[in-house]
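Lettering of chains follows the sequences in order, A, B, ..., and the numbering in each one begins at 1.
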There are 2 protein chains.
Amino acid sequence: MNSEFVIAVHSLVLLAHRPDGMASSEEIATNVCTNPVRVRKVMSCLRKNGFVDTREGSGGGYRLSREPDNVTLADIYRALASGSLAPSWCSGDPESDCMVGSNMGNVMNAVFCGADQQLETYFESITIGRMLSSITATAKG
Amino acid sequence: MNSEFVIAVHSLVLLAHRPDGMASSEEIATNVCTNPVRVRKVMSCLRKNGFVDTREGSGGGYRLSREPDNVTLADIYRALASGSLAPSWCSGDPESDCMVGSNMGNVMNAVFCGADQQLETYFESITIGRMLSSITATAKG
DNA sequence: GATTACTGTAATAATATCAGTTACAGTTGA
DNA sequence: TCAACTGTAACTGATATTATTACAGTAATC
């Protein structure tokens, strides 16, 4: 899995946890354990997909623009990691004389498309709000 | 996804397609489009897990040792790609003062364990035999 | 028993991917 | 006008992936 997905999920949970729903790229980066530029790149993508609003300039940062319970991991997955399941490496060669070698690419592709959908369905069942609850429950228990 | 998984699946389908169920690492490598050493490494693992028999020496190679219809992709996944879904990159820091930052690792981990199981369930439904049928059907159609 | 054709595995090299850093233009609040 | 932000691009360094080389061990065949 794409690690940008992880950063995105973490960031959104953090925003959801903030009373005012806001944080700067630097705050997020510290919390996630990475650098602000990487966070900004991910958040920029989340903004384009309507998950957050950004405020540039002094005192700015990111704000969650949707209800935590209405944002599923599937939404995030689709926005920045869809199709990441299939390996970059492609098996076989369409020009091969062998029936197996020449068709494996397509068949493998179909397998991974299915896997991707399966994964998406699973992610559909998990929301940012639920992850936050899970964390607060763990912290209290 | 681990590309060794792809090589393994392709190799087993190829063996299942062979009338005598056999092929050498070089033949497989050519068909898969990679080098024989890589194939041998993957096959070595498949042998240890009981998917194939090997015959060393002249005229040797690999032979499928199970019924194609009884080998699921889940079996293969478990043997050499289990847990590969979670990114190497880990979010947050257990020592963090922030509740979110310090617990995200665990929660994220749980999410990916679930995803892994989901994937395994999906792979359970696909067999080497079915993939081969799918290829022969495509080739004929 | 020598030769040939294989597997098994380690070590190394080449390449590609990923993550961190620096730099700087643009924006906004004070 | 200054300070604190975002948005991006370019560069560097780290890490992971794939290919290559090398060689020991095994078995069939001449």
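Partner Asn103(B) forms a side-chain contact (heavy atoms from CB on, under 4.5 Å) with one of Ile135(A), Thr136(A), Val13(A) and no other, that one being Ile135(A).
OP1 or OP2 of dA5(C) has not a single side-chain nitrogen or oxygen of Arg55(B) nearer than 4.0 Å. At dA4(D), none of the side-chain N or O atoms of Ser24(A) fall inside 4.0 Å of OP1 or OP2 (strictly under the cut-off). The side chain of Lys41(A) contributes no N or O atom lying less than 4.0 Å from OP1 or OP2 of dG20(C). For the OP1/OP2 pair of dC6(C) and a distance below 4.0 Å, the side-chain nitrogens and oxygens of Ser25(B) include no atom meeting the criterion.
The side chain of Ser44(A) lies closest to dT8(D), out of dT9(C), dT8(D), dG20(C). Checking dT21(C), dG7(D), dA19(D) against every side-chain atom of Trp89(A), the shortest atom distance belongs to dA19(D). Among the nucleotides dT6(D), dT8(D), dT20(D), the one closest to any side-chain atom of Val37(A) is dT8(D). Across dG8(C), dG7(D), dG20(C), the shortest atom-to-atom separation from the side chain of Arg40(B) is found for dG8(C). Counting only heavy atoms from C-beta on, Ser58(A) has its side chain closest to dG29(C) among dT8(D), dG29(C), dT6(D).
The base of dG20(C) lies outside donor-acceptor range of the side chain of Arg38(A), with no N or O pair under 3.5 Å.
There is a path of hydrophobic side-chain contacts, each under 4.5 Å, that joins Trp89(B) to Val111(B).
Computed from coordinates, the Phe5(A) CZ to dC18(C) C1' distance equals 18 Å when rounded to whole Å. In this entry the distance linking CG of Leu46(A) with P of dT6(D) reads 14 Å, nearest Å. Rounded to an integer number of Å, the gap from CG of Leu15(B) to C1' of dT7(C) is 14 Å. Atom CZ in Arg63(A) sits about 13 Å away from atom P in dT6(D), given to the nearest Å. What separates CD of Glu56(A) from P of dT6(D) is a distance of 9 Å, to the nearest Å. When rounded to the nearest whole Å, the span between CD of Glu26(A) and C1' of dT21(C) equals 13 Å. At whole-Å resolution of the value, CD1 in Ile28(A) and P in dC5(D) are 12 Å apart. Rounded to an integer number of Å, the gap from Tyr62(B) OH to dA27(D) C1' is 15 Å.
You'll find the side chain of Leu80(B) reaches within 4.5 Å of the side chain of Leu46(B), heavy atoms only. No side-chain heavy atom of Ser3(A) sits less than 4.5 Å from a side-chain heavy atom of Thr34(A).
For Tyr122(B) and Tyr122(A), the gap between ring centers reaches or exceeds 6.0 Å.
The residue among Ser88(B) and Gly59(B) whose nearest nucleotide of DNA chain D lies closer to the 5′ end is Ser88(B). Nucleotides of DNA chain C nearest to Gly57(B) and Lys48(B) differ in position, and the one nearer the 5' end is that of Gly57(B).
Side-chain N or O atoms of Asp53(A) include none that pairs as donor or acceptor with a backbone N or O of Arg63(A) at under 3.5 Å.
Across all strands shown, Ser3(A) has heavy atoms under 4.0 Å from sugar-phosphate atoms exclusively, and none from any base.
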